[in-house]
Each structure stands twice: as C-alpha cells, then as structure tokens.
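Counting convention: from 1, in listed order, for ligands and their atoms alike.
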Amino acid sequence: MPGNEGGGENPPTLKRSKNDIQGNTDDGGGGEQLNNGYLPYFKPDYKRLYPENSGKVEFKVFVEQVDPKGKLGNKSPIFLNHIFTTDIKGVTAIQRVNANKIAVVFKQYNTANNFLNNTAFLTKYNMKAYIPATQIEKTGIIRFVPANISNKDLYTKLSSIYEIIAVRRFTKKVGQERVPLQTVSITFLSHVLPDNVQYDLFSYRVFEYVPPLLQCFKCFKFNHAAKVCNGKQRCSICSGEHFYKECDKPNDLCCANCSGPHLAISKQCPIKLKKITEKKTNITYASKAETRKVEFPTLLDQTVRLPEKASKSKSQPQKNVPSTATPAETPKFDIKKELLQNADLMNALVSTLIELANKTDSNPITSSSIKDMLIKNIK
Ligand SMILES: [Zn+2]
Ligand SMILES: [Zn+2]
Ligand SMILES: [Zn+2]
C-alpha cells in the first residue's frame with residue numbers, strides 16, 4: 001500500500017547510483033530480479049576528474065564526513081578555514097551545500113584533482129571528497145531503443161561527439177518484476193548534450209533528461225532527501241507525526257502537503273503535480289540557455305526589459321506576454337540589437353548562464369531565482 005520503501009512507487013525508474021560517486025566499474029551492483037544486461041553500465045575504471053581544458057573558472061569538490069552522522073556542513077567556519085588553509089593548497093572558497101556537505105572551491109583543475117587523491121588529509125579528518133556529477137557530466141535520453149540490446153552492448157556500440165561514460169536502461173515494475181523499457185539514459189563527459197548519438201549508421205536524437213521529482217520520505221516535502229531532512233517525521237497516510245507503519249487511522253487519508261484525501265506520495269496531489277511541472281519547465285529553460293541556441297527563453301526576454309519598464313508597468317501583468325508581442329509603449333526596443341550593443345547586458349546574461357550551469361546546491365531553479373540572479377548581475 002503506501003509504497004514507502006526505497007525510492008517509492010516511481011514510474012519508469014532510472015536506476016541512478018547517486019551515492020556511487022566515483023562510478024562503479026562494470027555492470028555489478030543492484031542485484032534484484034533484473035537481468036544483468038539491464039543494470040547500469042559504466043565506463044570501466046571511470047573516475048571523475050576535471051579535464052584540462054574545461055573553460056571553467058573555478059573547480060568545485062564536494063566533501064563529506066565518512067560517518068553519515070558527521071555533519072560537515074554544520075561545522076564551524078573557524079575549523080573549516082583552519083584545516084583547508086593549513087593543509088591544502090589552492091583553495092579559494094568553502095561553501096556549505098547542506099548539513100552533510102561542503103563545497104571546496106579550487107582555482108586550478110589540477111589542485112582540485114590532487115585534493116581527491118590526498119588520502120593523508122582525507123583519512124586524518126575521516127572525510128571523502130568527490131567532484132559533483134553536474135560539474136563535468138550531462139545526462140540525456142534516447143528513445144525507441146529495442147529492449148533486447150543490453151546496456152553494455154549500447155555502451156560499446158554507441159558513439160557521439162562527447163565521450164559516453166554511462167548507459168542506463170529505464171525499467172518499470174510490473175508485479176514483482178522489473179521490465180526493461182525502450183528509453184535509455186546516456187551520460188556524457190560534457191556540460192552540454194550532443195544532438196545525436198550513432199548506433200552504426202542509425203542516429204538517435206538525444207533529449208534532455210528530467211530526473212524524477214525528489215520527495216522526502218520523512219517529511220514528504222520536495223527537493224530534498226530524508227537523510228538531510230530537518231523536518232518532522234510525518235505519516236504518508238494521515239499526515240500525523242509518526243511513521244506510516246504505526247498509523248492508527250489507515251482509512252483516514254490526509255496528504256501531508258495539501259491535506260487532500262490521498263497519500264502524501266500520490267500523483268494526484270495538486271502540490272506534487274505543480275512541482276513536477278515546475279521542474280520540467282525549469283530544466284527546459286536551463287538547458288536552452290546552456291546550449292546557447294540563441295533563442296533565449298521568453299522568461300529572460302521579459303526579465304531584460306524589467307529595469308527599464310519597472311516604473312511604468314507595475315500594474316501590468318508581466319507573465320504570459322508572448323515573446324513576439326512587443327508592448328505598444330516600446331515599439332522600438334530590439335532585444336537582439338540591445339544585447340549585441342550593450343556589453344554590460346551581455347555580460348550579465350552570460351554570468352547568469354554560467355552561474356546557472358555551475359549551480360550545485362539543491363535549491364530548485366525557479367523563474368524568480370533566475371530573475372534575481374540576472375538583476376544582481378546587471379547591477
Ligand atoms: Zn524532509
Ligand atoms: Zn498516520
Ligand atoms: Zn496532496
């Protein structure tokens with residue numbers, strides 16, 4: 001009934017090995033009823049390292065305590081500053097990511113890579129360090145891939161302009177079994193996705209991968225995991241402050257998020273549906289901006305006009321203005337021209353895009369957060 005185990009009753013589950021930070025070699029792991037050919041396949045001996053010519057200006061390494069109870073993100077800055085200036089070279093900043101995690105920022109790719117191998121330091125403080133996947137990898141999906149081709153075969157056969165480092169087949173739970181689907185996720189060693197991957201002569205179009213919405217299995221709110229949850233334990237059935245197995249009102253459905261008559265994990269929940277839509281929209285915006293297909297999303301389009309129009313059009317709705325409809329009072333405003341001629345504006349946009357692309361915290365990207373970023377960069 002209330003599917004509280006593991007990742008919940010997700011639809012086609014992409015078997016992501018989130019914690020499998022350095023990327024397991026070979027197709028081991030997982031187990032369960034799934035035929036080996038459908039377990040995630042990783043490039044053998046792959047280890048995440050910063051490449052030499054990434055064009056990045058900073059190099060982030062995430063650091064956690066090996067003991068899952070050690071809350072490195074909550075440690076005193078005095079302590080963190082001390083150990084990272086005394087023992088480690090080339091650190092330019094330390095940031096809190098969440099209670100468990102900090103990001104240590106390096107100026108050079110090689111000092112960041114060296115730090116990963118600094119076992120003396122890491123053992124001394126009982127820490128583990130890794131490069132977050134989003135810094136150097138990008139995952140896309142391809143569709144209509146016959147289910148009888150194993151992940152390993154795909155890994156061997158597929159080629160692209162960017163190196164492929166992982167292949168994972170989407171699967172679906174049918175009764176007790178996991179059934180392979182025709183959708184496959186491909187992880188590339190790149191910031192951006194290629195348009196296509198080739199299987200011999202056949203070309204698959206690569207689509208953006210939208211990861212499933214993360215819902216906490218402790219408090220049932222969104223975009224954080226139970227292991228970093230600061231909220232109270234809630235019941236997925238009645239929303240009371242207890243674990244669902246201890247629920248004494250199993251017929252009294254009350255969603256912990258919206259108080260509606262459904263389980264807190266239900267897809268009927270209007271709040272959950274809204275979050276899912278938001279996530280899809282934001283990823284589309286971010287990826288368009290990232291790949292710089294020049295068609296800036298309408299969102300940015302409107303934001304750029306903001307400073308100029310702010311005083312006049314306070315009462316006018318800013319949303320839902322089609323990007324092509326130029327407001328009557330500014331018929332001459334040409335965004336392309338403005339962008340090309342106004343170096344400050346262009347720099348602000350580029351900085352915002354870089355900031356978005358390098359974003360590693362778990363806060364969701366929303367239109368208002370992008371707006372804030374842009375306005376901050378314009379000033
Ligand atoms: Zn929570
Ligand atoms: Zn309950
Ligand atoms: Zn609900």
Problem set entry | Geometric cation-pi criterion, Arg178 with Tyr38: 6.0 Å, 45° | no

Exercise. Rounded to 10 degrees, what angle sits at the Zn ion (ligand 1) between Cys229 SG and Cys216 SG?
Worked result: 110°

Exercise. Between Phe202 and Tyr204, does the ring centroid distance fall short of 6.0 Å?
Worked result: yes

Problem set entry | Phe115/Phe121 aromatic ring centres below 6.0 Å | yes

For this session: Quick one: the SG of Cys255, the Zn ion (ligand 3), NE2 of His262 angle, rounded to 10°, please.
Result: 110°

Exercise. Is it true that the NZ or CZ of Lys157 lies under 6.0 Å from the centre of Tyr199's six-membered ring and within 45 degrees of the ring axis?
Worked result: yes

Exercise. Can you give me the SG-the Zn ion (ligand 2)-SG angle for Cys247 and Cys238, to 10°?
Worked result: 110°

Exercise. Quick one: angle Cys235 SG - the Zn ion (ligand 2) - His242 NE2, to the nearest 10°?
Worked result: 110°

